[in-house]
Amino acid sequence: MRLRHPAIALAFLAALAFVSQTRAAPQTFNTALPIAEDEFVLREQFIYRNATDDPSLADRRLRVLGGVSVLGYGVTSDLAVFGVLPYLDKELDLITPGGQRVTRDTSGFADARLFGRYTVFKDDAQGRTFRIAPFLGLELPTGDDNDRDSLGRLPAPLQLGSGSWDAFGGIVLTYQTLDYQVDAQAIYKLNTEANNFEFGDEARLDASLQYRVLPRELESGVPGFLYAVLEGNLLYTEKNEMNGVTDPNSGGTAFFLSPGIQYVTKRWIIEGIVQLPISQNLNGAALEDDFTVRVGFRLNF
Amino acid sequence: MTVMPRPTAVLHSLVVALLICFFLPVPATAADDQAVYTLQADGLACPFCAYGIEKQLNRTEGVDSVETDIKTGTVVITMTPGATLNETDAKRAVEAAGFTMREFKKKDSGG
């Protein structure tokens, strides 16, 4: 297990501790806050992911650029449904066993997700709310899972889609006040087999703190809120299986800490966050992440 | 000898006066025949959520404008002349936005 960027993480935690006044929705996962009945919320997030920490001799360098579109609709004030459609551009640079450096890449729409979230508990008071909402969904095999280049079929992790129908479910909790917001989520994704390949199941725990830093004193009306954000993601992935054989160089546990910023108005939100791997305890020669940058916006309409 | 203003000068003055009237800010006060209501929306704690309440209330028949004060959770609803708002409709709108209405009252006088 390796600790990375600990100084940055500690510095950000210290900075948050000195934000005296305060503390909006997480950027690396969902929230339990409502979508009004018969209303839509659109979210666009642009992603840049870099993973170059390769313990193997292949010296792999993975770069993923993409955009994720999320459309949420309030069926009722308690029930919301979401559709998620990623567009990704993946590039893997590596040294072949013959010693030649090659680049393999693909781009296009990846696997879409559909899920529903239902608020089972709500406690509202003046200027604060606490909500608990379980969710259940399905990842659809909409991405290309049989892309090829001059070297043959791309390896499964580099494909845009898994080819499989994968269910996921979990629960998200949100406690929000005028000054700060805390969100926590637990999620499990059950991956199934396609093309004789099965990605390992995934379990993750997420937490987010958002402190309102501006305005320091609330005025009348509905001013825009600027939040300082700190999110944490603990991700556990089981090993992949190919032709029924477990891949020893896949899966493991990783913890990411993500400082970010968010500006929230009545109609729109702009936001940005950097996910930094603090600890990556991956199996065998699994490729480790360097960082992921996420910037985006949300629209109420 | 009386000097009469030229018609073009009069017209010019009228246009300027009309433009000034058009661009002057209109006070956001209700007329005497416009009922004004206030309600307390519990659970409201961020700007993005305020829009949901305002939009649901604006869909209610007879609502002219909605103003939210996020600090106090107070929502002020001004009706179109002659229209009224009942508590059941107000509560339904707030709940449809995902929040809880704690208090509902009509202001004594519009304006």
Side-chain angles (χ1 to χ4, degrees), chain A residues 22-25 31-41 43 74-80 119 122-131 133 174-181 210 212 215 217-227 262-269 271 298-301, chain B residues 25-30 36-61 63-78 85 87-105 107 111:
Chain A
T22 44
R23 317 168 200 195
T31 178
L33 292 176
I35 298 179
E37 186 178 311
D38 205 21
E39 297 293 339
F40 289 93
V41 171
R43 177 180 180 177
V75 180
T76 67
S77 59
D78 291 328
L79 176 63
T119 305
K122 179 173 76 168
D123 179 24
D124 286 341
Q126 185 181 336
R128 69 159 180 83
T129 186
F130 175 59
R131 288 155 198 260
T174 296
Y175 180 74
Q176 184 189 53
T177 73
L178 287 165
D179 295 335
Y180 65 92
Q181 179 176 331
Q210 297 133 80
R212 195 191 81 230
E217 295 291 339
L218 278 182
E219 308 141 17
S220 61
V222 186
F225 284 12
L226 180 67
Y227 290 99
Q262 190 176 53
Y263 186 71
V264 182
T265 73
K266 271 201 292 192
R267 297 292 304 274
W268 50 267
I269 294 173
E271 55 198 0
R298 307 178 202 205
L299 293 177
N300 242 332
F301 61 93
Chain B
V26 180
T29 55
V36 178
Y37 299 86
T38 61
L39 62 82
Q40 180 69 40
D42 278 358
L44 179 62
C46 90
F48 209 58
C49 300
Y51 186 67
I53 290 182
E54 293 186 0
K55 205 164 176 190
Q56 292 290 337
L57 283 164
N58 271 313
R59 282 183 184 166
T60 307
E61 195 177 337
V63 169
D64 184 49
S65 66
V66 180
E67 285 178 30
T68 306
D69 184 356
I70 199 163
K71 187 177 179 181
T72 59
T74 307
V75 183
V76 179
I77 308 118
T78 303
L85 179 66
E87 187 168 350
T88 306
D89 288 346
K91 188 175 181 184
R92 204 213 102 42
V94 172
E95 286 180 353
F99 299 93
T100 306
M101 192 177 84
R102 180 157 53 86
E103 197 178 281
F104 177 81
K105 59 186 178 189
K107 276 192 167 179

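All heavy atoms count here, side chains included; hydrogens, waters and symmetry mates do not. Protein chains get the first letters and strands the later ones, always in sequence-line order, with residue 1 at the start of each.
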Hey, are the side chains of [X] and [Y] touching, using non-hydrogen atoms and a 4.5 Å cut-off?
X	Y	answer
A/V41	B/F48	yes
A/Y227	B/C46	yes
A/P223	B/I70	yes
A/K266	B/T68	no

Check for a donor-acceptor pair, side chain of B/Q56 on one end and backbone N or O of A/E37 on the other, with a separation under 3.5 Å.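 Yes: the side chain of B/Q56 pairs with the backbone of A/E37.
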Starting at [atom1] of [X], measure out to [atom2] of [Y] and round the result to the nearest 0.5 Å.
X	Y	atom1	atom2	value
B/D69	A/E219	CG	CD	10.5 Å
B/L44	A/Q176	CG	CD	8.0 Å
A/E217	B/K71	CD	NZ	7.0 Å
A/D124	B/T100	CG	OG1	3.5 Å
B/Y51	A/F301	OH	CZ	10.0 Å

Which heavy atom of [X] sits nearest to which heavy atom of [Y], and what is that distance?
X	Y	answer
A/Q126	B/D42	N-OD1, 3.4 Å
A/A36	B/G52	CB-CA, 4.1 Å
A/L33	B/C49	CD1-SG, 4.5 Å
A/S77	B/A96	CB-O, 3.4 Å
B/A45	A/G127	CB-O, 3.5 Å

So for [X], is it side chain, backbone, both, or neither that comes closer than 4.5 Å to the heavy atoms of chain B?
X	answer
A/D38	both
A/S220	both
A/L299	backbone

Could you tell me whether A/R267 and B/E54 make a salt bridge, using a distance below 4.0 angstrom between a side-chain N and a carboxylate O?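 Salt bridge: no.
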Row check, B/F99 ring normal vs A/R131 NZ/CZ: under 6.0 Å, within 45°: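 Satisfied, under 6.0 Å and within 45°.
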Given heavy-atom pairs under 4.5 angstrom as the criterion, report whether the side chain, backbone, both or neither of B/E95 touches chain A.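 The backbone, not the side chain.
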